[in-house]
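Values below: all heavy atoms of this structure, side chains included; hydrogens, waters and symmetry mates excluded.
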Amino acid sequence: MKIFFLFLLFCFLTSLFNSCFAGNVTYDRRSLIIDGQRKLLISAAIHYPRSVPAMWPGLVQTAKEGGVDVIESYVFWNGHELSPGKYNFEGRYDLVKFVKIVQQAGMYMILRIGPFVAAEWNFGGVPAWLHYVPGTVFRTDNEPFKVENEYGYYEKFYGEGAKRYVTWAARMAVSQNIGVPWIMCQQDDAPDPVINTCNSFYCDQFTPNSPNKPKIWTENWPGWFKTFGARDPHRPAEDVAFSVARFFQKGGSVHNYYMYHGGTNFGRTSGGPFITTSYDYEAPIDEYGLPRLPKWGHLKELHKAIKLSEHALLKSEPTTLSLGPSQEADVYDDGSEVCAAFLANLDDKTDKNVVFRNVSYHLPSWSVSILPDCKNVVFNTAKVGSQASLVEMMPEELTPSVMSPSKGLKALKWDVFVENAGIWGVPDFAKNGFVDHINTTKDTTDYLWYTTSIIVGENEEFLKKASRPVLLIESKGHALHAFVNQELQGSASGNGSHSPFKFESPISLKAGKNEIALLSMTVGLQNAGGLYEWVGAGLTSVKIEGLNNGTMDLSMSRWTYKIGLQGEHLSIYKPDGLNIINWVSTSEPPKNQPLTWYKVVVDSPSGDEPVGLDMIHMGKGLAWLNGEEIGRYWPIKSSEHEKCVEECDYRGKFFPDKCLTGCGEPTQRWYHVPRSWFKPSGNILVIFEEKGGDPTKITFSKRKISGLCSLIAEDFPMVYQAPVCLGKNECAIELTEENFDRGLCPGTTKRLAIEAVCS
């Protein structure tokens, strides 16, 4: 069996995979050694619960076709142990099935079992219930908690206990004798024989903490994550390729893309807080499982070039030659006929011509050329010859599952249920002042109701002048809807950079008793940082200004609390909970109505393309299909006053804010609904809308490649055939001297641009 595991500490799952250990895996300063053979490995992160089992074979195969040797994944503890002692290894969490699919593809596996994972995943992958086990402090030297990942950043928060903790964790891991090496990423003081590894946009200058350990890059970020209300980050394919080529140029041995397929944060699995439901990450395979072109294709060609150089890279030591002030070559030559060279231009503004072994080579700025024979360039990181694709979301109206022979297609029938604004059923408890939101819900729900009431006298001046008092709220996060006498008064939220927020809005009060109901919401829990489990959420101050006596401070008033929503409590989104309540049926569902559940029965979208749910006309809430959790939706727009770019410049070091688009646009409009969740007909779509939207404008959208284009040039190191499709599913045209005459315009580089439009 061609499979091995590099575990990342705490081996509570080791016994599940003993049958997979067939190879002998060791290492020395240059590389991993598998069954006696040195290997350069290119790895791809694909997180199994961020897609679905029906997608796994295709994702793994697309990665393999892209030149990948290894699939890497975290193990997500809070998905596997929802409550103490109750385990889940089914559906998206069928880890054994996922590993076997990797095995069947003839690939290796790096399993990072954490089980603290960070990963923009809710609570960093650690179950929320663990925080409430007496004596538990995450990520330090205390008996209930002994696991780790990406710890080096945060040791300073834990004092002397941090060093003892790292030492204990390493000794515990090694003592398991599982037969493969262990790694600790971002851990400069990882004790021998555990290998410390690099996470960054660039790791060419990284050096392990021992001369006996290989150079491993566990996370190269080919894009970046998104937060609700923020702009879209992009990392150009040229820069990703540059970083990878530089890593292997400087002696790298194992490289992993985090992410190669980002996928989807289904349900309430996103962390942050404020991480979007989409975890696309602008990865080489997009959220829906399609290769992202040209990034996927460009990296595929890079991987071919690296593999052509593998023998030389592993057989000899490099010699570094200066080719100019910001240009250099690293040559791997053992004195025989085996030789490979990397020529790099680190100048981020100017192309250069360099002379290497008496031959002139053109190096675009911020690029690396790979010469597997020290003579011929087979790849340059800045020259993208792979075809690019234009991908569109093509709308398709929701189609009712009931057909009428006499009237054709019937209008959609919607079922509606409206939540009470405030306490439903029996209150959970009451107390003077505020409780922390997360400590109260323990992350069993996003929602916590804070309710109180005030008496307004008939002699209040605002009643006579028709003016309105102002409600002032302060919260630790993450979001809020304010209701007075069952009417929505307004909403507010923090953001991915700053969770706390303030709410200020005029409110409508009447003489007599007024009910104030404040719906506090989390948008994913903190997933990293020193002492991150202690970061709270919820209200800290509530005041009303504009009364006869000035400002009324309600912060220490008697507040009554209710955890969650009635619909959640009754599981009305699940097939076995749909009939617990009395839905109101209508062909004209209410619009712009808060706290409303909508249910509709629809056919599957036509075709077999990936599907997204278009929620641009809705406000904020949760969605399910056939009981499966699509996740949080929130088409909040980024500010149109922020800076965005028209085109990304790949040159120069990348950082998350370097290339941003989408100013004034929704951070996330479409929400992935896996095809495997659909039945041919009778699909039950359930929506909970928090603040109001128009459900009649919800549509499915099919993700389609609507166009292809490619650029071919004399100075590109590889020759491509461009697809030309007119009334055909596929075809090709041969490039010849007749249709691509290189004799024209002597002395200039010839280029051929090709575009195909798909109907």
Inset, instruction - Identify, with sequence neighbours excluded, every residue that meets ring-ring contact (aromatic ring centres under 6.0 Å, His included) alongside Phe501. - result: none
Inset, instruction - Could you tell me which residues satisfy ring-ring contact (aromatic ring centres under 6.0 Å, His included) with Trp670, sequence neighbours excluded, listed by chain and number? - result: none
Quick check on [X]: does its [atom1] atom have over 12 non-hydrogen neighbours (other residues, nucleotides or ligands) under 6.0 Å away?
{"X": "Lys442", "atom1": "NZ", "value": "yes"}
{"X": "Asn432", "atom1": "CG", "value": "yes"}
{"X": "Asn459", "atom1": "CG", "value": "yes"}
{"X": "Glu461", "atom1": "CD", "value": "yes"}
{"X": "Lys431", "atom1": "NZ", "value": "yes"}

Regarding [X] and [Y], do their side chains bring together a donor and an acceptor under 3.5 Å, going by distance alone?
{"X": "Ser278", "Y": "Gln668", "result": "no"}
{"X": "Glu689", "Y": "Tyr633", "result": "yes"}
{"X": "Ser555", "Y": "Asp553", "result": "yes"}

Inset, instruction - Applying side-chain contact (heavy atoms from CB on, under 4.5 Å), run through Leu539 and Leu480 and close with a yes or a no. - result: CA-CA 9 Å; Leu539 308 186; Leu480 171 87; 4.0 Å; yes
For the student: nearest non-hydrogen atoms of [X] and [Y], plus distance:
{"X": "Ser491", "Y": "Phe503", "result": "N-CE1, 3.6 Å"}
{"X": "Pro427", "Y": "Thr560", "result": "CB-CG2, 3.4 Å"}
{"X": "Gly422", "Y": "Ala517", "result": "CA-CB, 3.8 Å"}
{"X": "Glu515", "Y": "Ser453", "result": "OE1-CB, 3.7 Å"}
{"X": "Ala119", "Y": "Phe76", "result": "CB-CE2, 4.5 Å"}
{"X": "Pro594", "Y": "Val418", "result": "O-CG1, 4.3 Å"}

Legend entry - Stepwise ring-ring contact (aromatic ring centres under 6.0 Å, His included) check, Trp424 with His569: CA-CA 10 Å; Trp424 52 270; His569 179 72; 5.4 Å; yes
Short side-chain to backbone donor-acceptor contact, [X] and [Y], under 3.5 Å:
{"X": "Thr264", "Y": "Phe266", "result": "no"}
{"X": "Ser475", "Y": "Gly538", "result": "yes"}
{"X": "Asn626", "Y": "Glu628", "result": "no"}
{"X": "Ser270", "Y": "Ile275", "result": "yes"}
{"X": "Glu81", "Y": "Pro127", "result": "no"}
{"X": "Thr667", "Y": "Ala230", "result": "yes"}
{"X": "Gln489", "Y": "Glu487", "result": "yes"}
{"X": "Thr440", "Y": "Ile438", "result": "no"}
{"X": "Trp221", "Y": "Pro656", "result": "no"}
{"X": "Asp436", "Y": "Ala537", "result": "yes"}

Does any part of the side chain of [Y], heavy atoms only, come nearer than 4.5 Å to the side chain of [X], both counted from C-beta?
{"X": "Ile616", "Y": "Pro666", "result": "yes"}
{"X": "Arg112", "Y": "Val117", "result": "no"}
{"X": "Val75", "Y": "His80", "result": "yes"}
{"X": "Val673", "Y": "Tyr671", "result": "no"}
{"X": "Trp559", "Y": "Val435", "result": "no"}
{"X": "Pro589", "Y": "Thr696", "result": "yes"}

Inset, instruction - Run through Tyr93, Tyr258, Trp121 and flag the one making a ring-ring contact (aromatic ring centres under 6.0 Å, His included) with His47. - result: Tyr258
Inset, instruction - Can you spot which of Phe123, Tyr532, Trp77 makes a ring-ring contact (aromatic ring centres under 6.0 Å, His included) with Phe116? - result: Tyr532
With rounding to the nearest 0.5 Å, note down the distance linking [atom1] in [X] to [atom2] in [Y].
{"X": "Phe417", "Y": "Ile580", "atom1": "CZ", "atom2": "CD1", "answer": "11.0 Å"}
{"X": "Glu458", "Y": "Lys464", "atom1": "CD", "atom2": "NZ", "answer": "10.0 Å"}
{"X": "Asn439", "Y": "His131", "atom1": "CG", "atom2": "NE2", "answer": "5.5 Å"}
{"X": "Leu547", "Y": "Met552", "atom1": "CG", "atom2": "CE", "answer": "5.0 Å"}
{"X": "Thr522", "Y": "Asn122", "atom1": "OG1", "atom2": "CG", "answer": "8.0 Å"}
{"X": "Glu460", "Y": "Lys465", "atom1": "CD", "atom2": "NZ", "answer": "11.5 Å"}

Inset, instruction - Can you tell me which residue pairs pass the side chain to side chain donor-acceptor pair (under 3.5 Å) test with a partner in residues 570-579, sequence neighbours excluded? - result: none
Inset, instruction - Show your reasoning for whether side-chain contact (heavy atoms from CB on, under 4.5 Å) applies to His617 and Ile698. - result: CA-CA 7 Å; His617 296 288; Ile698 295 173; over 6 Å; no
Legend entry - Residue of the set Arg50, His672, Arg632 for which side chain to side chain donor-acceptor pair (under 3.5 Å) holds with Asn265: Arg50
Inset, instruction - For Tyr598 and Val416, run side-chain contact (heavy atoms from CB on, under 4.5 Å): C-alpha distance rounded to whole Å, both residues' side-chain angles, the deciding distance at 0.1 Å, then the answer. - result: CA-CA 5 Å; Tyr598 299 96; Val416 177; 4.1 Å; yes
Inset, instruction - Not counting sequence neighbours, which residues clear side-chain contact (heavy atoms from CB on, under 4.5 Å) with Ser638? List them please. - result: Arg231, Glu642
Inset, instruction - Evaluate the side-chain contact (heavy atoms from CB on, under 4.5 Å) criterion for residues Lys562 and Thr451: first the C-alpha distance (whole Å), next the side-chain angles of each, then the deciding distance (0.1 Å), finally the verdict. - result: CA-CA 8 Å; Lys562 189 66 180 180; Thr451 68; over 6 Å; no
Inset, instruction - Not counting sequence neighbours, which residues clear salt bridge (charged side-chain N to carboxylate O under 4.0 Å, His left out) with Glu120? List them please. - result: none
Legend entry - Sequence neighbours excluded, every pair satisfying ring-ring contact (aromatic ring centres under 6.0 Å, His included) that has a member inside residues 469-499: Phe274-His478, Trp449-Phe483
Legend entry - Among Leu518, Leu471, Val542, the one residue meeting side chain to side chain contact (heavy atoms under 4.5 Å, CB included) with Leu554: Val542
Inset, instruction - Output yes when Asp443 and Arg268 qualify as a salt bridge under the 4.0 Å nitrogen-oxygen rule, no when they do not. - result: yes
